[in-house]
2 protein chains.
Amino acid sequence: MNSEFIIAVHSLVLLAHKPDCMASSEEIAANVCTHPARVRKVLGFLRKRGYVATREGSGGGYKLLKDPSDMTLADIYREMAAGSLTPTWCSGNPEMDCMVGSNMQDVMNSVFCGAEQKLESYFAEITIGQMLSRIKERQHA
Amino acid sequence: MNSEFIIAVHSLVLLAHKPDCMASSEEIAANVCTHPARVRKVLGFLRKRGYVATREGSGGGYKLLKDPSDMTLADIYREMAAGSLTPTWCSGNPEMDCMVGSNMQDVMNSVFCGAEQKLESYFAEITIGQMLSRIKERQHA
DNA sequence: TTCAACTGTAACTGCTAATATTACAGTAAC
DNA sequence: GTTACTGTAATATTAGCAGTTACAGTTGAA
């Protein structure tokens, strides 16, 4: 899985944990353990999609716009990492003079499309709010 | 997805297509579009797991041992690519003094374990024989 | 009105993982 | 014993990705 998906989910969970709070890319990056520029890139993208609001300038940062229980991992997956299951590498060649070799790419592709759908429907059942709940449970355990 | 998974599946489908036929690593590699040494590595592994028989020396090569309808993609996935969904990169840090940052790795991990199970159960419903059937359908379409 | 603290982006570096390739010892058929 | 294979390890090469730097633009406050 794509690391931008993880950065996005982690950032949203963090923002859900401190509602109404602005968090700067530096704070978030320290929590996620990555570079602030990566956080800005990911959250800048989520801003365009309406998940967060940003404020530039002094005292600025990022803030949740949506309800944590209205954001699923499937939404984030589609935004940040769609198609990441399907391999870049592929075998066979449609020009080939062999039934197996020439059709394998298409068949393999349909297999991975199906897998992608299964994955999305699994992610669709997990919200950012639930992620936060799971973290709280683990904390108190 | 791991390319060795694809090489394994493609090779098995190819062998299923020509039963009782020995195919050399060179023939298979030409069909898969990769290097013979990679095919030997992958099929050598499948030999140890009982999927194929190999014969060294002149006229040697690889041959299917199992019934194509008895081999599922889940079997191959577990052998060749288990855990490939779970990202190597991970956010947060258990040592951190923040509930979210310190528990995120575990929670994220449990999410991906679940995803992996969904993926395996999907692959469990697709056999090598079915892959071959799909290829034949596509050929005649 | 200037300074300080931010975001937005693009460009670049460096690392790591994955694929390709080479090489050669071992083995079997003819 | 020669040819055609597998088995396997070592090495090169490539591509993708995370990390980093840099700087222009924006905002709030002294």
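Protein chains get the first letters and strands the later ones, always in sequence-line order, with residue 1 at the start of each. Note that the structure is predicted; figures quoted are calculated from it, not measured.
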* Evaluate whether atom CD of B:Q139 has more than 12 neighbouring non-hydrogen atoms of other residues, nucleotides or ligands under 6.0 angstrom away. => yes

* Asked: Of the candidate nucleotides D:dA18, D:dT20, D:dA9, which contains the atom at the shortest distance from the side chain of A:A37?
  -> D:dT20

* **A:R78: salt bridge (Lys or Arg N to Asp or Glu O under 4.0 Å) partners, not counting sequence neighbours** => A:D75, A:E120

* Value in whole Å for how far the C1' atom of D:dC17 lies from NE2 of A:H35 -> 15 Å

* **Aromatic contact, B:Y122 with A:Y122 (centres under 6.0 Å)** => no

* Return the value, rounded to whole Å, for the distance between atom CZ of B:R40 and atom P of D:dA9. => 13 Å

* Atom-to-atom span, CE of B:M22 to C1' of D:dA4 - whole angstrom -> 13 Å

* **Euclidean distance, atom CG of residue B:L15 to atom P of D:dT6 [Å, nearest integer]** => 11 Å

* To do: Could you check how far CG of A:N2 sits from P of D:dA18, rounded to whole Å?
  => 7 Å

* To do: Could you tell me whether the phosphate oxygens of D:dT8, OP1 or OP2, come under 4.0 Å of any side-chain nitrogen or oxygen in B:K48?
  => yes

* CD of B:E27 versus P of D:dC5: gap in Å, rounded? -> 8 Å

* Structure fact -> Here the distance between atom C1' of D:dA18 and atom CD of A:E4, to the nearest Å, is 10 Å

* **5' priority, DNA chain D, between B:W89 and B:L43 [closest heavy atom]** => B:L43

* Asked: For A:R55 and A:I7, take the nucleotide of DNA chain D holding the closest heavy atom to each; which residue's nucleotide lies nearer the 5' end?
  -> A:I7

Using distance only, find each side-chain donor-acceptor pair of residues 16-23 of chain B under 3.5 Å and give its atom names and separation, not counting sequence neighbours.
none

* Asked: Between D:dA18 atom C1' and A:M1 atom CE, what is the distance in whole Å?
  -> 17 Å

* To do: Mind checking side-chain hydrogen bond (donor to acceptor under 3.5 Å, both in side chains) for B:K41 and listing every partner two or more places apart, or none if nothing turns up?
  => B:E4

* Asked: When you match A:G44 and B:G59 each to their closest nucleotide on DNA chain C, which lands nearer the 5' end?
  -> A:G44

* Asked: Can you name the side chain to side chain contact (heavy atoms under 4.5 Å, CB included) partners of A:K66, sequence neighbours left out?
  -> A:Y51, A:M71

* Of all residues at least two apart in sequence or in a different chain, which pass the side chain to side chain contact (heavy atoms under 4.5 Å, CB included) check with A:A37? -> A:H35, A:R40

* Touch check for A:T88, heavy atoms < 4.0 angstrom, all strands: base, sugar-phosphate only, or nothing? -> nothing

* Structure fact -> Nt span of DNA chain C in reach of chain A heavy atoms at under 4.0 Å, 5' end first, is C:dA5 to C:dA20

